[in-house]
There are 2 protein chains.
Amino acid sequence: MEQVNLDIQHAIRKYFPAITEKALQEEIASVGKVLSFKAGERIMDFGAYVKMVPLLINGSIKVVREDDEQDQELFLYFLQAGETCTMSFSCCMMNKQSDIRTTAEDDTTLIGIPIKYIDEWMMKYPSWKNFVMRSYDQRMQELVKTIDNIAFYKLDDRLLHYLQEKAKASSSSTINATHQEIAQDMNASREAISRLLKKLEKTNHIKLGRNKIELVQ
Amino acid sequence: MEQVNLDIQHAIRKYFPAITEKALQEEIASVGKVLSFKAGERIMDFGAYVKMVPLLINGSIKVVREDDEQDQELFLYFLQAGETCTMSFSCCMMNKQSDIRTTAEDDTTLIGIPIKYIDEWMMKYPSWKNFVMRSYDQRMQELVKTIDNIAFYKLDDRLLHYLQEKAKASSSSTINATHQEIAQDMNASREAISRLLKKLEKTNHIKLGRNKIELVQ
DNA sequence: GCCTTAATGTGATCTTTATCACAAGTAATA
DNA sequence: TATTACTTGTGATAAAGATCACATTAAGGC
């Protein structure tokens, strides 16, 4: 993690057009800290007390749920520029420990807002309130989509879907990951993933390389 | 569904102690409609456009996700007195179709608030804003718990958990349901549920009857 | 170029759950 | 009471994935 110098107001106007009030943009600029993370860097760990809410302006963040008892985890969704982590809201407001883990999927830059403003601004700036509400809605949608996925679909469909999400997150049709990493995200066995990837290659959905998967078309 | 006469302000004070402003209580009383539903009655269907947000004052509501394409569904959680349906918020605000289904689990009474006030009151009444935020957080938590369940646990654990939730929702240790209904909620086969119930009976967790399951202690 | 290490491929076997096919029990009612 | 419609029980079989046990392949460091 590294603190960066950057014109916050400009970034907000560009990536968060829904945040319209000038005064709010100024407040964000004055209290926000611009942080950047290298791809793969841990942003928020399980059990960490969250003190900031991130406004993403670049890159993408992977959000993962972990099962404490057993040693398992499950990918939930990616956050991208223009989005924020509502899980952080919850954690902040309730001042409770985080039960998810976030890592930078690509090199990522974000504006961190100290938690106390989240709430304060809700009553002061309508566009902030709308932004927060819309973010919550989006995340609920994502969670429901995740539920659909694991409840209603089999591993092959889930795998393809995961690959597509991952490609979209990095805006590239090439995915850099090992089968092992994918298996972990999907809470599946590496062998099953390897076999299904082969199948996807045969059906011409992907091209396989070492540490690399290319989405076809 | 039936409209009922009832002292709304009194009910709010009793079941929603977090809603503190007198003026807000009065507004709720003047715009809210008290509705009651019989156990089993459909409250909100998939695809229905939601026009009200429910504040539960009695009974409980089952929230279920349905897979449109295939004919499958999955139980998400129960809502109880003092709670509200944040999924409705999303639907209302975005004015989009509901993708979940809610049915009265028991005889249920609720105060329906026309959607336009949800947003309006957020900036006017701090306690309302807090209530809405807290509701969102609660529901996210529930969704994550649901994900944990289907991702990390096997059918027997999930079944016991489901039975416990269902008993809690009705504040009774006796559950009235057929194996078929349970299987449907859990998106599992009836035979598997029947066999696992037998196993739970043998291990002394439950007592089985026809259309009836008794949780032991 | 050789060696080490990490990544991938692959067969065999085991578990969990779904599916199919009925049998048997119980409630409701003609 | 006989009949019909649910509900539950149960075996046999199948499918999806997990797990185990290695073989093979590729990349990077020396």
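Predicted, not measured: the structure shown is a model, and the values here were computed from it. We name chains A, B, ... by the order of the sequence lines, and we start the count at 1 in each one.
Look at Lys198(A) and you'll find a side-chain N or O under 4.0 angstrom from OP1 or OP2 of dG9(C).
Between Phe152(B) and Ile147(B) there is no side-chain heavy-atom pair separated by less than 4.5 Å. At a threshold of 4.5 Å between non-hydrogen side-chain atoms, the residues Leu55(B) and Ile12(B) count as touching.
Regarding Leu196(A), its CG atom lies at a distance of 12 Å from the C1' atom of dA18(D), rounded to whole Å. Between the CG atom of Leu200(B) and the C1' atom of dG9(D) there is a distance of 16 Å, given to the nearest Å. Put simply, CD1 on Ile182(A) is 18 Å from C1' on dA18(D), counting in whole angstrom units. Summarising the geometry, the separation between NZ on Lys202(B) and C1' on dT8(D) is reported as 14 Å, rounded to the nearest angstrom. Rounding to whole angstrom units, CE of residue Met186(B) and P of dT17(C) are separated by 9 Å. Counting to the nearest Å, the P atom of dA5(D) and the CD atom of Gln180(B) are 18 Å from each other. A straight line from NZ of Lys199(A) to P of dG9(C) spans 15 Å, rounded to a whole angstrom. Going from atom NZ of Lys212(B) over to atom P of dA27(C) covers 10 Å, rounded to whole Å.
Among all heavy-atom pairs drawn from Ile100(A) and Cys85(A), the shortest one is CD1-SG, 4.4 Å. Across all non-hydrogen atoms, the minimal contact from Thr84(A) to Leu79(A) is O-CD2, 3.5 Å. Heavy atoms only, all atoms of each residue included: Ala167(A) and Leu215(A) are closest at CB-CD1, 3.6 Å. The two residues Arg139(A) and Thr86(A) have their closest heavy-atom pair at CG-OG1, 2.7 Å. Residues Gly112(A) and Pro114(A) share a closest heavy-atom pair of O-CD, 3.8 Å.
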Going 5' to 3' through nucleotides 20-30 of chain D and flagging B where a protein heavy-atom sits under 4.0 Å of the base, S where only the sugar-phosphate is that close, and - otherwise, we get BB---BBS---

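When distances run from any side-chain atom of Ser194(B) to the nucleotides dA7(C), dG9(C), dG9(D), the shortest one goes to dG9(D). Of the candidates dA18(C), dT8(C), dG9(D), dG9(D) carries the atom nearest the His179(B) side chain, counting heavy atoms from C-beta on.
For Ser60(B), the side-chain contact (heavy atoms from CB on, under 4.5 Å) partners two or more places apart in sequence, or in a different chain, are Gln80(B), Glu105(B), Asp106(B), Ala169(B).
Listed in residue order, the members of residues 145-161 of chain A having a heavy atom less than 4.0 Å from DNA chain D are Lys154(A), Leu155(A).
Among the atoms of the strands shown, only primed sugar atoms or phosphate atoms (P, OP1, OP2) are found under 4.0 Å from some heavy atom of Thr178(A).
If you take CG on Leu160(B) and CD on Glu165(B), they are separated by 10.5 Å, rounding to the nearest 0.5 Å.
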